[in-house]
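Reviewing the structure listed below.
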Amino acid sequence: MEGGRSGNNSTPIIDKTRVLDVEPLRTLVPVFPSSSNAPPFGPYSSGFAPFYPFSAPQGSQATPDLNQQTHTTPAAPLRSFRATESYEDDFDGEYESYDGSTGSAKRKPKSSSQKRARKIQDLDFTLSVDENNFVVGVSLSERDDGNREVVHSIQMRFDALRRRLSQLEDAKESPAGIIRRADLKAGNILMTKQVRTNMRKRIGTVPGVEIGDIFFFRMEMCLLGLHAPSMAGIDYMSVRNDLEEEPLAVSIVSSGYYDDDAEDKDVLIYSGQGGAANKDKGATDQKLERGNLALERSLRRGNEVRVIRGMKDSVNQVSKVYLYDGLFRIQESWVEKAKSGCNIFKYKLARIPGQPDAFGVWKSIEKWREGLSSRAGLILPDITSGAESMPVALVNDVDEEKGPAYFTYVSTVKYSKSFKLTQPAYGCNCRNACQPGNLNCSCIRKNEGNFPYTANGVLVCRAPMIHECGPTCPCFPNCKNRASQTGLKARLEVFKTKDRGWGLRSWDSFRAGTFICEYAGEVIEKVSQVGEEGDGYVFDTSHVYESFKWNYEPGLVEEDGSIEAIEEPNVPSPLVISSKNVGNVARFMNHSCYPNVFWQPIMYENNNESFIHIAFFAMRHIPPMTELTFDYGKSRSGEAAADGGSTSRGRRKCLCGAPICRGYFG
DNA sequence: GGATATTCATGTAT
DNA sequence: CATACATGAATATC
C-alpha cells in the first residue's frame with residue numbers, strides 16, 4: 001500500500017504537518033450531517049445490504065435504501081428549489097424512458113402536457129415543450145432527484161447527440177487546427193434544455209447512478225449530477241451548520257493529472273487543487289481554499305465523498321474512462337513538498353466497507369492481462385483456437401461444468417446462397433479511405449450520405465440497414481466504413497452464469513455504439529431445419545422485437561429539421577442464422593428484456609453480390625465483467641401458440657431479472 | 001445579476 | 001507515443 005513512487009524518490013517528501021488549525025466542531029458528529037431534526041437517518045447505519053453484486057442486472061431497484069436515505073438527507077443546498085406537494089404529484093412517474101426498457105415512449109394525454117407546460121411557465125423554467133421531439137422527458141422532480149431509468153435515458157441522449165455532432169463535424173471540410181468538442185456542445189445543449197438530473201447537490205449516493213458505472217466524458221457526470229464541475233477535480237457544496245456555513249466536499253475525480261496514489265483499491269491518496277500543478281503560471285504553494293478547504297472540512301465532518309477514478313481506456317488508449325467507485329471517507333490530510341518545491345495538500349481517503357467491488361474488479365482484470373494464472377475458474381485460454389484476432393477465455397467459477405457442448409468456431413456468417421436483391425451490387429471507388437462528407441463515395445451515398453461511424457469507430461445511428469465497404473471496394477482495409485469487419489477489439493470471455501447457462505462478458509469496457517461482434521453461423525432456410533429451435537442457437541430477423549429509441553433527437557440538431565429517421569432494422573427477406581453447430585462468441589449472448597446490446601443489419605458486397613451480416617453494438621456504456629445481453633424478440637409462431645394454438649414451442653421463461661421483464665422470450 | 005477566475009478536459013499537432 | 005497547446009463550460013465567488 002505504500003506508494004513505490006514516493007518511496008524511491010530521493011528527496012524526502014512526506015511532511016505530515018497538519019494542514020491547518022481548524023477548531024473542532026462543538027458537536028463532533030462522525031456522520032454527516034449534524035444540523036438536522038430529521039428522524040433516524042444515519043447514512044449507512046444499516047450498512048449496504050441492498051447492494052447487488054457487481055455483475056447483477058442493474059435494475060432500478062438496485063439501491064432502494066440508499067436512494068431513500070438520500071431523499072431524507074436533511075442537508076439541502078441553500079439555494080435548492082423546493083417543489084410544492086401538488087407539483088410533485090403531477091410529475092411523479094409521468095414520463096417513461098424512451099430506451100429499450102419500456103419500448104417506444106407513449107405520451108400522456110394532451111391535457112397532461114398542457115398542464116405541464118403551464119406549470120413550467122408559472123415556475124419560470126425555460127423549457128421548449130414540443131410533442132414531436134424528446135426535449136421534454138425529464139420531469140421537474142426527476143431533475144432534482146434521478147432514478148435508474150432517467151440516468152440511462154439522459155446518458156443515451158447525451159451520447160447520441162454527441163455522436164451526431166461528431167458525425168456532422170467529420171463531414172465538414174476541416175479548417176485545420178480547429179478543435180472539435182462535440183462532448184461540450186452536446187453537454188451544453190442538454191444543460192440548456194434542462195435534460196439533466198440530480199441538480200440538487202447532495203452528499204453521498206446519487207440516485208440512479210450505481211457503483212461501477214462508467215463514463216467517457218466529464219460532461220456526462222455533470223448532466224447526471226454525479227460531479228458538477230466540467231473540469232475541476234473537487235466538487236463541493238455549502239452546508240449549513242448550527243450557526244455557520246461551511247463547504248463540504250461531495251465528490252472528487254482522480255484521473256492522473258496530479259500525482260495521486262491509487263495502488264490500493266480501497267485507499268486513495270488524493271492531491272489538493274491549484275498551485276503546484278499549474279504548469280502555465282509556474283508552481284506555487286497550494287492554498288487552503290475552494291476544494292482544498294472543502295476536503296479539510298469534510299475530514300473534520302467525516303462525511304462521505306464520492307470517488308470517480310479516471311484512467312486510460314484499455315481499448316482506445318487516447319481516450320479516458322471514468323469509473324464511479326462509490327463512497328469514501330477522508331481519514332487524514334497533510335502537506336507535501338512537490339518536486340517543484342512547492343507545498344501541496346494530500347488527502348487520504350478510505351473506501352467505506354460493504355460496497356460492491358468496482359475499481360477492485362478493474363485491478364483484477366489488470367492482473368489477468370499480465371498472466372492468466374491468476375484467473376480463477378479458467379478452463380480454456382482461447383475457445384476460438386486462434387480464429388479471432390483476440391483470444392476468448394472460457395471460465396467457470398460457479399460449478400463443475402467443464403464447458404459448453406461441442407461446436408465449430410467460425411468468425412463470420414456462412415451463406416449457402418446469396419441474398420437475392422433487386423438493386424445491383426457494387427462498391428465504391430475510393431482510393432485510400434472513404435472520407436466522411438464525400439458524396440462521390442457510393443457506399444456513403446447508400447447510407448443517405450451519412451458516414452455511419454465516427455472517427456474513432458463508434459456507430460452514430462441505428463438504421464434499417466447500414467452499408468459498409470466490402471472486400472471488393474478498392475479502399476484500404478482500415479477504411480472506417482468497415483467497423484464490423486475488423487474482428488474483435490475487446491477481450492471477451494465466455495462464462496458460466498448462475499442460472500442461465502453460459503454467457504458472454506468482457507474484460508474491456510464498451511462505450512455506447514461500439515461494435516462488439518457479429519452473429520456467426522450458418523444461414524438456413526427455416527427454423528425447423530435445426531429442429532427444436534436449435535436449442536436456442538438461432539438468430540431470426542423475423543422475430544418481433546421491442547422497438548426502442550437510440551438515435552439522437554433531430555430537434556436538437558438544426559440541420560435535420562424535425563424529420564425523424566426510422567431506426568428499426570429492415571431486412572429485405574427474413575434471415576435465419578443457426579449457430580448450433582457452427583458459430584462464434586455471439587451464440588453465448590443471453591437474452592434480456594432490459595438488454596445492453598442491440599443488433600443491426602449490415603450489408604456489403606462481395607463478387608457482385610450483397611450479403612447481410614448481423615452486427616452487435618453496445619446500447620450504452622458497458623463496464624467490464626457485465627454480462628452482455630440482447631433482446632431475442634418473440635417468435636411469430638410462439639405468439640400464435642400463445643393465442644391459443646398448439647404447442648408453444650420455442651417460448652421460454654425469462655430469467656433476466658430486469659424490473660421490466662416480459663416473463664418469457666423466443 | 002453579470003462578469004471573472006478557477007479547474008485532475010479534450011482533440012489535434014509535433 | 002508522449003508532450004504542447006489552444007479552446008472550453010460549469011460553477012463559485014466577487
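Just so it is clear, the values below take in all heavy atoms, side chains as well, and ignore hydrogens, waters and symmetry mates.
Across all strands shown, Tyr270(A) has heavy atoms under 4.0 Å from base atoms, whether or not it also approaches the sugar-phosphate. The residue Ser319(A) sits apart from the nucleic acid: no heavy atom pair falls under 4.0 Å. Residue-level contact check: Arg309(A) touches neither bases nor backbone, having no heavy atom under 4.0 Å from any strand.
Nearest-nucleotide positions on DNA chain C place Lys312(A) closer to the 5' end than the other of Lys312(A) and Arg196(A). With DNA chain B read from its 5' end, the first of the two nearest nucleotides for Met219(A) and Glu289(A) is the one closest to Glu289(A).
Note: CD1 (Ile344(A)) to C1' (dT7(B)) measures 16 Å, nearest angstrom. The distance from atom CD of Gln286(A) to atom C1' of dC8(B) is 11 Å, rounded to the nearest whole Å. When rounded to the nearest whole Å, the span between NE2 of His227(A) and C1' of dT11(C) equals 11 Å. Between the C1' atom of dT10(B) and the CD atom of Glu169(A) lies a distance of 14 Å, rounded to the nearest Å. Look at CE on Met231(A): it is 13 Å from P on dT6(B), rounded to the nearest Å. Rounded to an integer number of Å, the gap from CZ of Phe217(A) to C1' of dC8(B) is 17 Å. Following rounding to the nearest Å, Arg218(A) (CZ) and dT7(B) (C1') show an atom-to-atom distance of 8 Å. Separating the CG atom of Leu184(A) from the C1' atom of dT7(C) is a distance of 9 Å, rounded to the nearest angstrom.
Closest contact between the side chain of Arg290(A) and the listed nucleotides dA9(C), dA9(B), dT7(B) involves dT7(B). Nearest to the side-chain atoms of Tyr236(A) among the listed nucleotides dA12(C), dT10(B), dC8(B) stands dA12(C). Considering only side-chain atoms of Lys320(A), the nucleotide from dT7(B), dT10(B), dA9(C) that sits closest is dT10(B). Of the candidate nucleotides dT11(C), dA9(B), dG8(C), dT11(C) has the atom nearest to the side chain of Lys201(A).
Side-chain N or O atoms of Arg163(A) include none that pairs as donor or acceptor with a backbone N or O of Val458(A) at under 3.5 Å. Distance alone, capped at 3.5 Å, places no donor-acceptor pair between the Glu296(A) side chain and the Leu288(A) backbone. Judged by distance alone, with hydrogens and angles left aside, the side-chain atoms of Lys489(A) form a donor-acceptor pair with the main-chain N or O of Thr486(A) at under 3.5 Å. Asn198(A) contributes a side-chain N or O that, together with a main-chain N or O of Leu224(A), makes up a donor-acceptor pair within less than 3.5 Å. Arg218(A) contributes a side-chain N or O that, together with a main-chain N or O of Ala232(A), makes up a donor-acceptor pair within less than 3.5 Å.
Look at Arg180(A) and you'll find a side-chain N or O under 4.0 angstrom from OP1 or OP2 of dT12(B). Of the side-chain N and O atoms in Ser271(A), none sit less than 4.0 angstrom from OP1 or OP2 of dC8(B). Look at Tyr257(A) and you won't find any side-chain N or O under 4.0 angstrom from OP1 or OP2 of dT10(B). Proximity of Tyr322(A) to the phosphate of dA9(B): a side-chain N or O atom is located under 4.0 Å from OP1 or OP2.
The neighbour count for Lys287(A) NZ, taken as heavy atoms of other residues, nucleotides or ligands under 6.0 Å away, does not exceed 12.
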DNA chain B in dot-bracket form (Watson-Crick or G-U pairs under 3.5 Å, [ ] crossing, | inter-strand) is .||||||.||||||

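Judged purely by distance below 3.5 Å, without hydrogens or angles, the side chains of Ser271(A) and Lys346(A) pair a donor atom with an acceptor atom.
In this model, a side-chain donor or acceptor of Arg181(A) finds a partner on the base of dT10(B) within 3.5 Å.
Applying the ring-ring contact (aromatic ring centres under 6.0 Å, His included) test to every pair with at least one member in residues 283-332 of chain A, sequence neighbours left out, gives no pairs at all.
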